[in-house]
Amino acid sequence: MRLRPVHRATLLAKGGGDDKGFMWKIGHGDWAKELPGHRDSVTCLAFSYDGKLLASGGFDGLIQVWDITSGSLKCTLEGPGGGIEWVRWHPRGYVVLAGLEDSIAWMWNGDKNVFLNMFSSHSSTVTCGDFTPDGKMVCTGSEDASLRIWNPINGECVHVVRDHPYHTEGLTC
């Protein structure tokens, strides 16, 4: 039996209202790499499953994908019409999922800079979401107090959870 090496976290990332993101080496408080290019607050950051890529999302509607090894910008994912609320990576691949204040969730191949799908039936900001642990479905939650389960291949909403005895206020996580 062959064991896979354990990935040890050596970097962390942060964003702020000053339109900047930074990567930091854990244990090296004097080293930081600025992630330039956003034109509004950097609201979310996420490392890919293998730690090789970092996605930064902002209220400017941009998602930038960074190559961790070189520290360079790999691509900017285009399409969204509103600020990015959150960003998640597929549990086993370079697929990026993001929720927006325009009530839509978007999905791209973050390694190849290719749009894959969008998920649009919420009536308000998509405040949270993720892939299921096996990566076969997408879940999104919204300020409209609904949770939606999606087929990521065809973008079809396969289930909606809402109303009594569910949340009556918007979902936050």
Query raised in the report: Is there a side chain to side chain contact (heavy atoms under 4.5 Å, CB included) between I68 and K52 once you walk through the steps?
Result: CA-CA 5 Å; I68 298 303; K52 293 181 179 179; 5.6 Å; no
Compare every heavy atom of [Y] with every heavy atom of [X], then report the nearest pair and how far apart it is.
X: V65; Y: W89; result: CG1-CH2, 4.1 Å
X: G21; Y: V42; result: N-CG2, 3.9 Å
X: I63; Y: A55; result: CG2-CB, 4.2 Å
X: D67; Y: L53; result: CA-CD2, 4.1 Å
X: P91; Y: P133; result: CG-O, 3.5 Å
X: L171; Y: C128; result: CB-SG, 4.2 Å

Do the side chains of [Y] and [X] get nearer than 4.5 Å, heavy atoms only?
X: H167; Y: R162; value: no
X: L45; Y: L54; value: yes
X: P152; Y: V138; value: yes
X: T140; Y: H122; value: yes

Partner residues of E156 under the side-chain contact (heavy atoms from CB on, under 4.5 Å) criterion, sequence neighbours left out:
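Expected list: N154, V158.
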Hydrophobic clusters here meaning ILVMFWY residues chained together by side-chain heavy-atom distances under 4.5 Å, can you tell me if [X] and [Y] are in one?
X: F47; Y: L35; value: yes
X: M23; Y: L73; value: yes
X: V87; Y: L97; value: no
X: Y94; Y: F115; value: yes

Between [X] and [Y], is there a donor-acceptor pair closer than 3.5 Å when you use the side chain of the first and the backbone of the second?
X: S142; Y: S124; result: yes
X: D40; Y: D60; result: no
X: N117; Y: I153; result: yes
X: T132; Y: M137; result: yes
X: R92; Y: D134; result: yes

With rounding to the nearest 0.5 angstrom, report the NE2 to OG distance, H159 to S146.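 Result: 11.0 Å between the selected atoms.
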Examine the side chains of W66 and S72 and answer whether a donor and an acceptor come within less than 3.5 Å of each other.
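No, no side-chain donor-acceptor pair sits under 3.5 Å.
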Given side chain to side chain contact (heavy atoms under 4.5 Å, CB included), test S121 with R148 step by step and report yes or no. CA-CA 9 Å; S121 340; R148 295 179 185 271; 3.8 Å; yes
Show every side-chain hydrogen bond (donor to acceptor under 3.5 Å, both in side chains) that has at least one partner inside residues 102-113, sequence neighbours left out.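 Only K74-D111 qualify under side-chain hydrogen bond (donor to acceptor under 3.5 Å, both in side chains).
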**Prompt:** Applying side-chain hydrogen bond (donor to acceptor under 3.5 Å, both in side chains), which residue pairs with at least one partner in residues 12-22 are found, sequence neighbours left out?
**Reply:**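 Qualifying pairs, neighbours excluded: none.
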Going by the rule salt bridge (Lys or Arg N to Asp or Glu O under 4.0 Å), which residues pair with D144 if we only count those two or more places apart in sequence or in a different chain?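 Testing D144 for salt bridge (Lys or Arg N to Asp or Glu O under 4.0 Å), a comparison that skips the adjacent residues, returns none.
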- Scan for ring pair (Phe, Tyr, Trp, His ring centres under 6.0 Å) pairs involving residues 129-151, sequence neighbours excluded, and state none if there are none.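 Residue pairs with at least one partner in residues 129-151: H90-F131, F119-W150.
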Return a table of donor-acceptor pairs under 3.5 angstrom between the side chains of residues 75-86 and protein atoms on other chains or two or more places apart.
residue, atom, partner, partner atom, Å
W86, NE1, V126, O, 3.0

message = What verdict does the side chain to side chain contact (heavy atoms under 4.5 Å, CB included) test give for D130 and C139, after you've listed the backbone C-alpha separation in whole Å, the side-chain angles of each residue and the deciding distance to 0.1 Å?
response = CA-CA 6 Å; D130 209 340; C139 304; 5.8 Å; no
Candidate pair F59 and L100, rule side chain to side chain contact (heavy atoms under 4.5 Å, CB included), full reasoning:
CA-CA 9 Å; F59 278 148; L100 284 76; over 6 Å; no
